[in-house]
Protein chains: 2
Amino acid sequence: MEPKLNVWLEVEGEVMLSVWRVELLTAVSQTGSISAAAVHMGVPYRIAWQKIHEMESRLGQKLVETQTGGKHGGGASLTPLAQDYIDRFTQISQELDAVLQERFQAIFLPDAPE
Amino acid sequence: MEPKLNVWLEVEGEVMLSVWRVELLTAVSQTGSISAAAVHMGVPYRIAWQKIHEMESRLGQKLVETQTGGKHGGGASLTPLAQDYIDRFTQISQELDAVLQERFQAIFLPDAPE
DNA sequence: TAATCGTTATGATAATTTATCATAACGATT
DNA sequence: AATCGTTATGATAAATTATCATAACGATTA
């Protein structure tokens with residue numbers, strides 16, 4: 001049995017940011033395009049694009065700058081705001097993960113051998 | 001914007017216990033029947049019954065004792081094991097909630113007035 | 001200046017999941 | 001033997017989510 005955790009930020013009851021979405025944004029940053037990020041996340045391009053637009057719509061600000069056309073067809077990069085959200089969210093998420101592991105050990109497996 | 005959290009326990013990749021499911025079990029305990037618990041949770045009886053059986057199936061042990069027939073038609077009560085899981089899970093869940101609130105304040109709203 | 005390229009953008013459809021509806025079975029009590 | 005509100009479960013509907021297919025973009029290149 002394993003404990004699981006999800007953290008997310010809501011705006012007016014709808015998901016704006018989550019662990020998965022932060023991964024997606026990070027992948028956009030690292031690959032330079034939404035389509036490559038989609039491959040990296042194992043979902044169709046459509047899904048990745050949709051999630052990004054959901055995030056932007058719910059936040060009311062741009063998170064991803066996109067370009068169509070050009071030699072390489074275009075691409076995408078993160079706004080500084082997006083990187084800021086990634087950093088803060090990741091910090092909270094990691095801290096909660098650590099607490100969960102520790103507390104699960106203590107409360108469900110208190111007599112585990114050293 | 002508000003931070004949200006979900007915690008759950010998985011067995012072989014499937015949800016065995018979650019915040020919602022603990023609420024459901026608690027409602028069964030308080031009302032004495034699955035049907036009344038379903039009303040309390042705002043879902044059809046079928047859903048409540050199904051979730052309970054999922055939990056039992058995935059845990060491999062009984063969580064709810066049920067009776068059909070009788071003057072009042074039957075009823076349901078929790079096994080001691082179920083109560084034990086409720087107690088431990090609730091403890092973890094509440095602690096994580098507290099940490100989330102505190103960390104969100106610190107990381108996203110560091111300059112809030114006292 | 002027109003063809004090229006891989007990307008963004010989006011409509012339409014399919015699949016999966018989840019919820020709802022309806023009905024049978026139960027059995028102590030009366 | 002009839003009654004009652006419950007448990008149990010099959011069948012269907014709704015909602016959500018994912019997939020497929022295609023159009024639009026535009027700097028670069030020849």
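The sequence lines fix the lettering, A, B, ..., with proteins before strands; numbering per chain opens at 1.
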| task | Determine, using ring centers only, whether Tyr85(B) and Phe89(B) are less than 6.0 Å apart. | result |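 No.
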
Just the rounded figure in Å: distance from [atom2] of [N] to [atom1] of [X].
| X | N | atom1 | atom2 | answer |
| --- | --- | --- | --- | --- |
| Arg21(B) | dT18(C) | CZ | P | 9 Å |
| Leu24(B) | dT18(C) | CG | C1' | 16 Å |
| Lys51(B) | dT17(C) | NZ | P | 12 Å |
| His72(A) | dT8(C) | NE2 | P | 13 Å |
| Ile52(B) | dT7(D) | CD1 | P | 8 Å |
| Lys62(B) | dA8(D) | NZ | C1' | 12 Å |
| Arg46(A) | dT10(C) | CZ | P | 8 Å |
| Glu65(A) | dT7(C) | CD | P | 18 Å |

| For residues Gln101(A) and Asp97(A), is any side-chain donor paired with an opposing acceptor at under 3.5 Å? |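 Absent: no donor and acceptor within the cut-off.
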
Counting just side-chain N and O atoms, does [X] come under 4.0 Å of either OP1 or OP2 of [N]?
| X | N | answer |
| --- | --- | --- |
| Ser35(A) | dT8(C) | yes |
| Thr66(A) | dA9(C) | yes |
| Trp49(B) | dA8(D) | yes |

| task | Select base, sugar-phosphate, or nothing to describe what Ala76(A) touches, counting heavy atoms under 4.0 Å on all strands. | result |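 Contact class for Ala76(A): sugar-phosphate only.
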
| request: Tell me what Ile47(B) touches on the nucleic acid: a base, only sugar-phosphate, or nothing, going by heavy atoms under 4.0 Å. | output: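 Ile47(B): base contact, heavy atoms under 4.0 Å.
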
| said: Less than 4.5 Å apart, side chain to side chain, heavy atoms only: is that true for Met55(B) and Leu25(B)? | reply: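 Yes. Closest side-chain heavy atoms under 4.5 Å.
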
| query | Between atom CG of Leu96(A) and atom CD of Glu95(B), what is the distance when rounded to the nearest 0.5 Å? | reply |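 Nearest 0.5 Å value for the CG-CD distance: 12.0 Å.
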
Under a 3.5 Å cut-off for both contacts, is [N] paired Watson-Crick or G-U wobble with anything, and if yes, with which nucleotide?
| N | answer |
| --- | --- |
| dA2(C) | dT29(D) |
| dT29(C) | dA2(D) |
| dT22(D) | dA9(C) |

| message | Please determine whether a side-chain nitrogen of the Lys or Arg among Glu10(A) and Arg58(A) lies less than 4.0 Å from a carboxylate oxygen of the Asp or Glu. | response |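 Salt bridge flag = no for Arg58(A) with Glu10(A).
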
| task | On DNA chain D, check which nucleotide each of His53(B) and Val43(A) is closest to and give me the residue with the more 5' one. | result |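 The residue mapped nearer the 5' terminus is His53(B).
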
| request: Would you mind telling me which of dA8(D), dT8(C), dT20(C) lies closest to the side-chain atoms of Pro44(B)? | output: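 For the Pro44(B) side chain, the nearest candidate turns out to be dT20(C).
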
